[in-house]
Amino acid sequence: LHIKNFQREYDVYREVIPVVDPILRAYYGSFYQVRDVACYRTQPIPNVSGSYEWHRDNYPPGCLKVMVYLTNVLGPQDGPLTVAAGTADGFVPELGRVGDRYDPQTVEGRRVVDCLGPRGTVLIFDNNSIHRATDPARGTRDVINFTVFPSVLRPEPAAVKGVSLETEAGWLKKYTR
């Protein structure tokens with residue numbers, strides 16, 4: 001899949017940036033920088049491996065992942081991102097190496113959330129949380145991912161008052177247009 005094809009289907013610059021920009025600025029208390037952008041398609045696989053395994057991305061503290069669903073992800077059969085709540089707390093990354101893979105028992109007893117939403121749903125989460133892609137039982141799941149970091153440039157303080165990424169669960173907020 002090529003990003004130009006996605007842009008014909010979904011205008012990231014008009015649909016996502018106006019929603020995400022003030023949230024990220026408020027969360028960081030600064031501007032932010034996009035380090036990575038990736039478009040990909042999740043499809044059924046015969047064996048669980050790679051991003052389909054429970055894992056962390058092992059990025060420096062302060063990094064967030066912004067994921068935009070380019071297809072409907074309305075139930076477990078659509079291959080949602082699944083995140084184990086609270087698993088980034090206290091994590092210290094080991095920079096220079098790929099994030100660890102974890103056995104399913106690692107998340108037992110945790111609140112595990114399938115992140116569902118229609119096409120255009122934006123998810124913002126700490127990519128050092130234990131998470132995984134799930135196998136879509138039907139069709140494919142298309143996404144665009146942005147990995148963001150805070151910048152050293154600070155906006156005016158009035159621009160960042162009163163906004164938090166926290167929800168009642170304290171770890172994830174989903175924005176649906």
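Atoms considered below: every heavy atom in the structure, side chains included; atoms not considered: hydrogens, waters and symmetry mates.
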Checklist line | Same cluster (ILVMFWY, side-chain, under 4.5 Å), Val113 and Val107 | finding: no
Check: How would you list, by chain and number, every residue that makes a salt bridge (Lys or Arg N to Asp or Glu O under 4.0 Å) with Asp36, sequence neighbours excluded?
Finding: none
Check: What pairs with Gln105 under side chain to side chain contact (heavy atoms under 4.5 Å, CB included), at least two apart in sequence or on another chain?
Finding: Asp103, Glu108
Next item on the list: May I ask you to test the Arg35-Phe146 pair for a side-chain heavy-atom distance under 4.5 Å?
Entry: no
Item checked: Side chains of Leu64 and Tyr32 in contact at under 4.5 Å (non-hydrogen atoms) -> no
Check: For Asn47 and Tyr52, does a side-chain donor sit closer than 3.5 Å to a side-chain acceptor?
Finding: no
Margin query: Ignoring hydrogens, what is the shortest heavy-atom contact between Pro60 and Asn128? Give both atom names and the distance.
Written below: O-ND2, 4.1 Å
Note to self: Hydrophobic clusters here meaning ILVMFWY residues chained together by side-chain heavy-atom distances under 4.5 Å, can you tell me if Val37 and Ile124 are in one?
What the structure shows: yes
Check: Is any side-chain heavy atom of Thr147 closer than 4.5 Å to a side-chain heavy atom of Asp57?
Finding: no
I'd like a table of donor-acceptor pairs (distance under 3.5 Å, sequence neighbours excluded) in which one partner is a side-chain atom from residues 79-93, with atom names and distances.
{"from": "Thr82", "atom 1": "OG1", "to": "Asp114", "atom 2": "OD1", "distance (Å)": "2.8"}
{"from": "Thr87", "atom 1": "OG1", "to": "Ala84", "atom 2": "O", "distance (Å)": "2.8"}
{"from": "Thr87", "atom 1": "OG1", "to": "Ile130", "atom 2": "N", "distance (Å)": "2.7"}

Notebook entry, point to check: Which residues pass the side chain to side chain contact (heavy atoms under 4.5 Å, CB included) test with Asp78, sequence neighbours left out?
Noted result: Val73, Leu74, Arg138
Check: Mind checking whether Tyr59 and Tyr27 sit in one hydrophobic cluster, side chains of I, L, V, M, F, W, Y counted as touching below 4.5 Å?
Finding: no
Check: When rounded to the nearest 0.5 angstrom, what is the spacing between OH in Tyr40 and CD1 in Ile144?
Finding: 10.5 Å
Check: So, for Leu116 and Thr121, which heavy atoms are closest and what is the spacing to 0.1 Å?
Finding: O-CG2, 4.4 Å
Note to self: To the nearest 0.5 Å, what is the distance between NZ on Lys65 and OG on Ser129?
What the structure shows: 11.0 Å
Next item on the list: List the atom of Val68, the atom of Val122, and the distance in Å for their closest heavy-atom pair.
Entry: CG2-CG2, 4.2 Å
Next item on the list: Can you sort out the partners of Arg141 under side-chain hydrogen bond (donor to acceptor under 3.5 Å, both in side chains), two or more places apart, ordered by chain and number?
Entry: Thr42
Notebook entry, point to check: If you measure from SG on Cys115 to NE2 on His131, what distance do you get to the nearest 0.5 Å?
Noted result: 10.0 Å
Item checked: Given His55, Arg56, Glu53, the one that forms side-chain hydrogen bond (donor to acceptor under 3.5 Å, both in side chains) with Tyr102 -> Arg56
Item checked: Trace of the side chain to side chain contact (heavy atoms under 4.5 Å, CB included) decision for Trp54 with Arg101 -> CA-CA 6 Å; Trp54 288 106; Arg101 299 303 190 234; over 6 Å; no
Note to self: Could you report the tightest heavy-atom contact between Pro22 and Val19, atom names first, then the distance?
What the structure shows: CD-O, 3.5 Å
Checklist line | side chain to side chain contact (heavy atoms under 4.5 Å, CB included) involving Gln33 - partner list, sequence neighbours excluded | finding: Phe149
Margin query: Quick check: closest heavy atoms across Ser151 and Ser30, and the distance to 0.1 Å?
Written below: O-OG, 3.2 Å
Next item on the list: Check for a donor-acceptor pair, side chain of Arg119 on one end and backbone N or O of Thr71 on the other, with a separation under 3.5 Å.
Entry: no
Notebook entry, point to check: Looking only at heavy atoms, which two atoms of Gly62 and Pro150 are closest? And how far apart?
Noted result: O-CD, 3.7 Å
Check: Has the side chain of Asn72 got a donor or acceptor atom that lies under 3.5 Å from a matching backbone atom of Pro118?
Finding: no
Notebook entry, point to check: Can you check whether Cys63 reaches Val148 side chain to side chain, under 4.5 Å on heavy atoms?
Noted result: no
